[in-house]
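Written out below as structure tokens is the structure these notes cover.
The chains referred to below are lettered A, B, ... by the order of the sequence lines, with proteins before strands, and numbering in each begins at 1.
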2 protein chains.
Amino acid sequence: MHEKIATIEDVARHAGVSIATVSRALHKPDVVSQTTREKVQAAIATTGYTANVMARNLRLNRSGMILLLVPDIGNPFFSAILSGIEQGASKAGYNVLIGDTQNDPDREATYAAYLRSNQADAMILLNGRLPAPLANSPANATPPVVIACERIPGCGLPTVIIDNEQAAFEATTHLINHGHRKIANVAGPDNNILTVDRTAGYRRALSEHGIAIDPKLTFVGDYSIDAGIAAGRSLLADAKTRPTGLFCASDGMAIGVIVAAKELGLRVPEDVSVFGFDDIHLAAAYDPPLTTVRQPRRRLGEQAITLLLDRLDPKTPNKTGKTDPVIVPTELIIRQSTGPCPQG
Amino acid sequence: MHEKIATIEDVARHAGVSIATVSRALHKPDVVSQTTREKVQAAIATTGYTANVMARNLRLNRSGMILLLVPDIGNPFFSAILSGIEQGASKAGYNVLIGDTQNDPDREATYAAYLRSNQADAMILLNGRLPAPLANSPANATPPVVIACERIPGCGLPTVIIDNEQAAFEATTHLINHGHRKIANVAGPDNNILTVDRTAGYRRALSEHGIAIDPKLTFVGDYSIDAGIAAGRSLLADAKTRPTGLFCASDGMAIGVIVAAKELGLRVPEDVSVFGFDDIHLAAAYDPPLTTVRQPRRRLGEQAITLLLDRLDPKTPNKTGKTDPVIVPTELIIRQSTGPCPQG
DNA sequence: ACCTTCTCTGTAAACGTTTTCATTTTTCAT
DNA sequence: ATGAAAAATGAAAACGTTTACAGAGAAGGT
């Protein structure tokens, strides 16, 4: 089917040298004489030779692949992170292999096995769970793995995250500073570490301002728009108990809340303030433009790959000591979905 | 650093057999005796052996990789397509390698070279341009490449697309059927094949209803929200010449147009109807909910990988004849951003 | 007992590189 | 010219598999 592909041997024959010389001409040009170097170049040109990467990798015992484990590649949330990672990896001569785990532990394990089978040199985890094979790995030899996005408490692996607690604290504080006292927490799933951290920040803000925490003002969602709609309907229906501000753990839920608020004839932000989280692409174009916490996703990816490349670099000493998580800063983006607390 | 990894030889030694037998026990279990099979299994268990994929691939002359060329992995538009591809590939035992070309022909060429260097078995193109090395490839040997998303006229490679022309035609017709006569075309970049097709559909709808095409009612954008805002400001400012309906080549631009319309104090859809394209995730939650053309992106990805796997399958006869593009159907999603043409 | 046939296993070649080591060629001071 | 040092090259091993081939037993029919 394919025309026969040129190997290093073909090049050697054309150039009238040994394959060793061809290889050297390619990888350590300074050690080969001017004239033969030219002969080899010419031979490569005429044969159209491209090195068989698999053979080289076998010999060098590396793959040049960085495996990226992501819970759902279909979720646009990850695309910017991906982009940051891909760019850094590509610049360093690595390729990015995506493993869509679909949150399935079996698939996670399968992909994690790529590390052992030399199919990948390193791994970046975007999902907040350690694949089984890794958990059992000997404690001394830290595998070339970096956690991004969600931290995994006590796993000792290099991690890059945003400070969810602090960001939530600041967002909630912003609402408090605008006079809001009844502030709801539209949270993510209970078991999700992001939610745990964000809820902690929300609570700290209330506590520090002497506001009691009302468990009825917490809604457990799943980051989706629909969850936000449900939250809005449930929290905003009763004018008596209605919060004037809502801190939402995702822009999706914030948008859902706003949809529900409009349904109920409430104006945002005049009647109710809604704070989002993420700063998704459409946040600024929504009506009203969303006040939110900007997650620097691309930056997150860049940091993750930087950390990993650093870890992979043979020149840097092998740091076995647990390193503190790298924290990429968030930013409060104040738009028009929040405002002063209505009187009354 | 790593503890020494077990090779097939270690397994053979533990099991007291030859490496050939180990290999056979793994790949053709029926040809090896019951007892040795068990010995091998045991040896694998104790050694923790996992086959070195690189070595196997070198021997088998395949990589198990499908290279996915995407113009910008950071663009959420692609995530669902990716997901469809990844799922199909994974099911067939292939891995997906993403190549983010950033629309750079050099990067495209670099990645395309992966095919030659055995680093990838096949390729899916999500960008509408043939990488240089492919263009020069001999006409008879069709490389294992599938085009998705954007068609490349006259390239003869298997392609899967949506029928942009027809979808635009239907969308525009919908506006016409609601009484609109002055209908604008908020298009993408001129050189983009998607735009060419969509604009053709828009024009055909007008023609078939005897409506003259007013070049002033076309705005060339770049699919972004900002372009939509610019389009809206420019097209809607003058009440005299203002169109009552706008067909937009992307939901982003549709949203931008709506933002601009609201700025100008126009109501959507009472004063002006806006038709989008894509059905992005937030389309339904926008205010007003967006009428749009649903692009089945995941489906697109599924079809692409199906086509490719079919092409790769040695069992199916090698079809050299040019095949017609696979067309995945779109769907008009009528929400509230369009309505009847206002009187007057 | 002997040949045939089958089932099972081992030997060794091959895949296309890189790199060590030894060898050849060149350079250059004497 | 000569030898030593330096530079350039080639032969061959190695990376970890799969598989063609052949050989060794075992089974079974005559």
With sugar-phosphate meaning primed atoms plus P, OP1 and OP2, does A:Asn61 contact a base, only sugar-phosphate, or nothing at under 4.0 Å between heavy atoms?
-> nothing
A:Ile5 atom CD1 is separated from C:dG16 atom P, nearest whole Å, by 10 Å
Which part of the nucleic acid, if any, lies within reach of B:Leu60 when heavy atoms closer than 4.0 Å are counted: base, sugar-phosphate only, or nothing?
sugar-phosphate
Across all chains, not counting sequence neighbours, the salt bridge (charged side-chain N to carboxylate O under 4.0 Å, His left out) partners of A:Arg129 are A:Glu108
(Q) If only side-chain N and O atoms count, and only distance matters, is there a donor-acceptor pair under 3.5 Å linking B:Ser90 with A:Arg107? (A) yes
So ring pair (Phe, Tyr, Trp, His ring centres under 6.0 Å) across residues 75-116 of chain A, not counting sequence neighbours, yields A:Tyr111-A:Tyr114
Sorted by chain and residue number, the salt bridge (charged side-chain N to carboxylate O under 4.0 Å, His left out) partners of A:Arg62 (sequence neighbours excluded) come out as none
When rounded to whole Å, the CD to P distance for the pair A:Glu9 and D:dA12 reads 13 Å
note: A:Leu58, atom CG; C:dC15, atom C1'; distance rounded to Å ~ 9 Å
Base-pair string, DNA chain D, Watson-Crick plus G-U, cut-off 3.5 Å on both distances, | for inter-strand, is ||||||||||||||||||||||||||||||
ask   = Looking just at side-chain N and O atoms, do A:Asn118 and A:Asn61 make a donor-acceptor pair shorter than 3.5 Å?
value = yes
Between CG of A:Asp10 and C1' of C:dT17 the distance, given in whole Å, is 13 Å
Sorted by chain and residue number, the salt bridge (charged side-chain N to carboxylate O under 4.0 Å, His left out) partners of B:Glu150 (sequence neighbours excluded) come out as none
Whole-Å distance, B:Arg56 CZ to D:dG16 C1', equals 11 Å
### Task
Decide yes or no for B:Asp100 and B:Asp72: does some side-chain heavy atom of the first lie under 4.5 Å from some side-chain heavy atom of the second?
yes
A:Leu26 CG to C:dT17 C1', in whole Å, measures 11 Å
Only one of A:Val160, A:Leu126, A:Ile161 passes side-chain contact (heavy atoms from CB on, under 4.5 Å) with A:Leu300, and that residue is A:Val160
Between CE of B:Met54 and C1' of C:dT17 the distance, given in whole Å, is 12 Å
Open item on the list: Applying a 4.0 Å non-hydrogen cut-off, can you work out what A:Thr7 is touching in the nucleic acid: base, sugar-phosphate, or nothing?
Closed with: sugar-phosphate
Between N or O atoms, less than 3.5 Å apart, protein on one side and nucleotides 4-14 of chain C on the other: list the pairs.
| residue | atom | partner | partner atom | Å |
| --- | --- | --- | --- | --- |
| C:dT9 | OP1 | B:Ser33 | OG | 3.1 |
| C:dT9 | OP1 | B:Thr36 | OG1 | 3.1 |
| C:dT9 | OP2 | B:Ser33 | N | 3.0 |
| C:dT9 | OP2 | B:Thr36 | OG1 | 3.1 |
| C:dG10 | OP2 | B:Ser18 | N | 2.9 |
| C:dG10 | OP2 | B:Ser18 | OG | 3.2 |
| C:dG10 | OP2 | B:Thr21 | OG1 | 2.7 |
| C:dG10 | N7 | B:Arg24 | NH2 | 2.7 |
| C:dG10 | O6 | B:Arg24 | NH1 | 2.9 |

When rounded to whole Å, the CG to C1' distance for the pair B:Asn52 and D:dG16 reads 6 Å
Side chains of A:Ser63 and A:Asn57 only: does a donor on one sit below 3.5 Å from an acceptor on the other? no
